[in-house]
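Here is the structure we will look at.
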Amino acid sequence: MDDLGLENDTEGAQYRAKQGDKVVAYAEYRPVTGAIMFTHTEVNEDMEGKGVASKLIRYALDDVRKQKLYVIPMCPFVSAFIQRHHDEYIDLVNPQHRRTFGL
């Protein structure tokens, strides 16, 4: 997966993973005041199980951190990723919202 390109398509409100020109995974989001709400993550069937979604979400969360915003992990995959990488990413979830997402 070294040839994986990661980007934030702000017009389409998606973080994307691409191989060449082909989008192989995306994480949809909605910007809200002070935060990015992740709503859905999708990986092409032929790319499942290869760590693409994890690389994409790590990229997205790091980007949100650079923007000094919170994350609202409505997407179950994003919430589970934060739970698995608690020490790295829990600070991105507003303390008032952590219990709502089991974090």
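These values consider heavy atoms only, across backbone and side chains, with no hydrogens, waters or symmetry-generated copies. For reference, positions follow the sequence shown, starting with 1.
Ala17 is linked by a side chain to side chain contact (heavy atoms under 4.5 Å, CB included) to Leu4, Leu6, Val24, Ala25, Val52, Leu56, counting only residues two or more places apart in sequence or in another chain. Take Pro31 and apply the side chain to side chain contact (heavy atoms under 4.5 Å, CB included) test, not counting sequence neighbours, and it matches Tyr29, Ile36. Checked against side chain to side chain contact (heavy atoms under 4.5 Å, CB included), Gln83 has the following partners two or more places apart in sequence or in another chain: Leu103. Looking at residues two or more places apart in sequence or on another chain, you find no side chain to side chain contact (heavy atoms under 4.5 Å, CB included) involving Asp87. Residues that satisfy the salt bridge (charged side-chain N to carboxylate O under 4.0 Å, His left out) test with Lys22, not counting sequence neighbours, are Asp46. Shown here are the ring-ring contact (aromatic ring centres under 6.0 Å, His included) partners of Tyr70, two or more places apart in sequence or in another chain: there are none. Partners of Glu88 according to the salt bridge (charged side-chain N to carboxylate O under 4.0 Å, His left out) rule, which considers only residues two or more places apart in sequence or in another chain, are Arg58.
Screening residues 91-103 for side chain to side chain donor-acceptor pair (under 3.5 Å) gives Arg65-Asp91 as the qualifying pairs, with residues at least two apart or on separate chains.
Within 6.0 Å of CE on Met37 lie more than 12 heavy atoms contributed by other residues, nucleotides or ligands.
Residue Phe38 is tested with Val64, Ile82, Ile72 for a side-chain contact (heavy atoms from CB on, under 4.5 Å); the sole match is Val64. Test Glu42, Lys18, Glu7 against Val23 for side-chain contact (heavy atoms from CB on, under 4.5 Å) and you get one pass: Lys18.
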As a quick check of understanding, evaluate side-chain hydrogen bond (donor to acceptor under 3.5 Å, both in side chains) for Asp3 and Gln19, giving each step before the final call. CA-CA 6 Å; Asp3 60 341; Gln19 276 191 317; 3.3 Å; yes
Between Cys75 and Thr41, is a side-chain contact (heavy atoms from CB on, under 4.5 Å) present by the stated rule, with each step listed? CA-CA 7 Å; Cys75 169; Thr41 301; 3.3 Å; yes
I'd like to know whether Tyr15 forms a side-chain contact (heavy atoms from CB on, under 4.5 Å) with Asp63, so could you lay out the CA-CA distance, the side-chain angles of the two residues, the decisive distance to 0.1 Å, and finally the verdict. CA-CA 10 Å; Tyr15 283 92; Asp63 188 58; 2.5 Å; yes
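With contacts defined as side-chain heavy-atom distances shorter than 4.5 Å, the pair Tyr26/His40 qualifies.
Taking NZ of Lys50 as the reference point, atom CD of Glu48 lies at 10.0 Å (rounded to 0.5 Å).
A donor-acceptor pair under 3.5 Å is absent between the side-chain atoms of Asn44 and the main chain of Met47, judged by distance alone.
Note: Phe81 and His85 have tilted aromatic rings, judged against thresholds of 30 and 60 degrees for the angle between ring planes.
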